[in-house]
Amino acid sequence: MMNNHLSKFSFAFIFFFGAAFASSEPTPLKNIYFKADVTTSGPLYNYNYEITNPRTNDSNILFVYLTISRDPNSDQENASGILPQCSGFDRTTSASIHSRTAVVETGSSAPTGWDCSYAILKGNQYGSFGWSASSKTLLKPGNSLRGLVLTSYALPGIREVQIDPDIDIDQLPPEYYENLEKTETLRNNVRWTGKTVGPKAPPKVFDALEFEDYLEYLVEESSDASWIKDAKITKELNAKLEQLEKKIESGDHGSARKILDEFIKRVDALKTKSLTNEAYALLYFNGKYMRDHLPEKGKSCSRHKHVGHSWRWGKRW
Amino acid sequence: MRRDLFRGIFVFLALGTGVFSPVSAFAFLIIDPSDWNFLSAAPWGDDPSLVSYLYQYPNLNSPRIASLSITTRTPPSFSGGIHFTVPGVFNAPRGITVLNFGSNSYAPGNMNTALAMWVTFSSSTSISCYMQLNGVLSYPTLHEGENVIVLPGASTSGYQQIACQNVSPSDVTVDISQIALLPIDEPSPTPSPLPSPFPSPTPHYTLSLTSDKSSVYPAKTSTTNDNSNTVVTAIIQSDLGEDLSGKIVYFSTTPKVDSGGHLHPLEGRPMGSFFPGPSCVTDGSGSCQVRYDAPEIGGVETVSASMAGALTSNALDLKIEVPGLKPLEANPLFYQLTGTENFSYHPGNHYMAEENYIDIVAVVFFDQFDAMLGINDMSLPMGGLFDIGPGDDESKTSEFWKPPHSLHRLGRSADVDRCAKSAIQDNPNDRGRCSIGYIQVDRLKFEKICNNNGGHLVPESSIHCEF
């Protein structure tokens, strides 16, 4: 039983790690630079991520996780077809994750020395996709890393990213010993979380007004994240979406499509100058998706009919 | 507990029953206290301070055999009567004291022999008695002051008795001023007129016991304290339909041996407790409640309740468990179950909750390293504190019923040995300082697998993945 190992407790620590309880706690990751760029190849979206661990940090980066959850009730099923994965892909865990929760199907690439896998993070019922370093490829302060890639049929959407430093639990002070609360508090304190753009399944049933509302939400979130660099641009895009809404409500889908074309064209024109890659990906590809799925003819309706349904369904993703 | 209550009876054996006063009309043979012959003294129950003293009159071969057995802490006094103290129910470890007094009704000469006793209890409300005559039970009411108990001759040969129990936590002193036998040639006595006022009929009580939950979480395993307690309700009923308010019900709890996977001595085992205390007073409907608070230990406890002043009790079994734990199935192709080689104190150390995916982690590890993880302590079958206790623990610091494991309570913990047994020869992975045939479990690589499957590492002597 454990007695056997307890008796070897001190021995084991010294045996393997030399300085038992060297009492070092990692410091929080700060000012992480995490950028997303989305390109297409046929029907596939390629999500390319770059991460920089500033020189001012003390900790090495071990894990990068992105939420890729899918609502099985309201989101489209995954497209069939096998997507290639990174060379260190953990197939067993990934199969287990698929059986436990609904996720967006993705392919992946990873930098040399990094592994990848679907994942469910502790305390989180939603699925994620993660990359992890080895002891030799930890992302040290002052370094950047490219090559974290997801490929998916799913549209760009706003996703959570979680970046964890390497915490050598064998070097934590004795008060952490079998102390779950303290260990979790430490993990929460040192990890970095933020928003990025990642694959998100479109809705099962396309509803023009709801999707227009979702575009408004994307503009709002992009503005809040400073992915839209100029408040005037936010105002301009919102004005365009308000016009779009009125046309949809009146059932004039022909005019709505023209407004969407103008919206897409304007977003494309603003690329790099006023929009980051994240804002561009969100607004351009979702705008195109809406234009492609907007029925030829619409019915006159008003937004209040949708209030009870899902006013901001984009937030559910 | 029922067994203990029965032991708590002090019994008067005689040939017939009845409670009457006065009885001076009969020509009794007064037994002088000094005529009782001491026969033996023997320890009683588990409490070494309790001794049963056995006396007989006049001798074993007499047709009028009477016997007297008193269980008490100090020998009874036979000066000017018979005097002794019956310890309180809750003062003795088992709460029990026994007094036997009787006559061998099987002896042919004893048929139709009567017996009378003059007895005073210091607190008659603390005493509960029943009498048995020809197999029929009745429940005498004790009077304040001196009680004169007359046991008419038995109509058939058989076991006749009066049994009395001290049901209060306090000591009760018993003074038997006189005991008398009816001479063998006397006719069977006719009961004398009943005292005035006529003693009211003795009610026969029953006690039922229920719990809001049949299972509660061990303490410190649930974020909601409510999950670790339950309301226990006692309901008193009487065959006479009397007012049932104000009855005192006492509660106690006893852990079942070996329950919860703790196959080691019970001594020191934390038990559940009652809030606001181990007793309650019934309302007009005869019911009252206490809250049972679970201990940290998983297992089964028998919760008992008894009514003060009556020979009625009941009990129920309560599970203290983290529900839904299942054993990790052995899979010798991919991992080894360890930690059970040297001890039998906690043989079921591989129980886990649904969200524990250590089996998947082990399979992934095997795929990547061609080595079998040694999966050590997880949780016990019913969860709760996973103690270790002494054994081959060289430090001798581990005690039963106490940490060092402070996790391992919910089925979400899994300890992994730092060396994994290689499944192939010449395994290219680092052996570190592990024995030949093993590889060292790389903390970072294991952590990755643990994390992806919903866990993370927590410092421990082995590698601890908490899901």
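Naming: A, B, ... by sequence-line order, numbering from 1 per chain.
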So what's closer than 4.5 Å to chain B heavy atoms on [X]: side chain, backbone, both or neither?
X        : answer
A:Leu62  : side chain
A:Leu121 : both
A:Thr93  : both
A:Asp166 : side chain
A:Asp164 : neither
A:Arg100 : side chain
A:Tyr176 : both
A:Tyr118 : backbone

### Query
Which pair of non-hydrogen atoms, one from A:Ser134 and one from B:Leu444, has the smallest distance, and what is that distance?
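Distance-wise, the nearest heavy atoms are C-CD1, 4.0 Å.
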### For A:Leu172 against B:Pro459, the heavy-atom pair lying closest together
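So the minimum-distance heavy-atom pair works out to CD1-CG, 3.8 Å.
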Straight-line distance of [X] [atom1] to [Y] [atom2], nearest 0.5 Å:
X        : Y        : atom1 : atom2 : answer
B:Phe334 : A:Thr92  : CZ    : OG1   : 8.5 Å
A:Ser96  : B:Asn452 : OG    : CG    : 10.5 Å
A:Ile167 : B:Leu457 : CD1   : CG    : 9.5 Å
A:Asp90  : B:Lys448 : CG    : NZ    : 7.0 Å
B:Ser461 : A:Tyr177 : OG    : OH    : 3.5 Å
B:Ser413 : A:Leu180 : OG    : CG    : 7.5 Å

Got a sec: does the [atom1] of [X] have more than 12 other heavy atoms crowding it under 6.0 Å?
X        : atom1 : result
B:Lys402 : NZ    : no
B:Arg291 : CZ    : yes
B:Glu267 : CD    : no
B:Leu333 : CG    : yes
B:Lys220 : NZ    : no

#### Entry: Donor-acceptor pair, side chain of A:Lys122 and main chain of B:His456, under 3.5 angstrom
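Here the side-chain-to-backbone pair does not exist.
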### Under-4.0 Å salt bridge between B:Glu447 and A:Arg187
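Yes, this pair counts.
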### Query
Given that the side chain runs from C-beta out, which part of B:Asn453 has a heavy atom under 4.5 Å from chain A: side chain, backbone, both or neither?
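When you check distances to chain A, atoms from both the backbone and side chain of B:Asn453 fall under 4.5 Å.
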### Message
Using heavy-atom distances under 4.5 Å, tell me whether B:Gln368 contacts chain A through its side chain, its backbone, both, or neither.
### Response
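Interface part for B:Gln368: side chain.
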### Stepwise salt bridge (Lys or Arg N to Asp or Glu O under 4.0 Å) test for A:Asp168 and B:Arg443
CA-CA 8 Å; A:Asp168 188 346; B:Arg443 192 263 303 169; 3.6 Å; yes
#### Entry: Full working for salt bridge (Lys or Arg N to Asp or Glu O under 4.0 Å) between A:Glu178 and B:Arg409
CA-CA 12 Å; A:Glu178 274 207 62; B:Arg409 294 166 187 253; over 6 Å; no
### pair A:Asn179-B:Val458: side-chain heavy atoms closer than 4.5 Å
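Contact flag for A:Asn179/B:Val458 side chains = no.
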### Query
If we ignore angles and hydrogens, is there a donor and acceptor under 3.5 Å between the side chains of B:Asn451 and A:Ser132?
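Per modelled atom types, B:Asn451 and A:Ser132 side chains form no pair under 3.5 Å.
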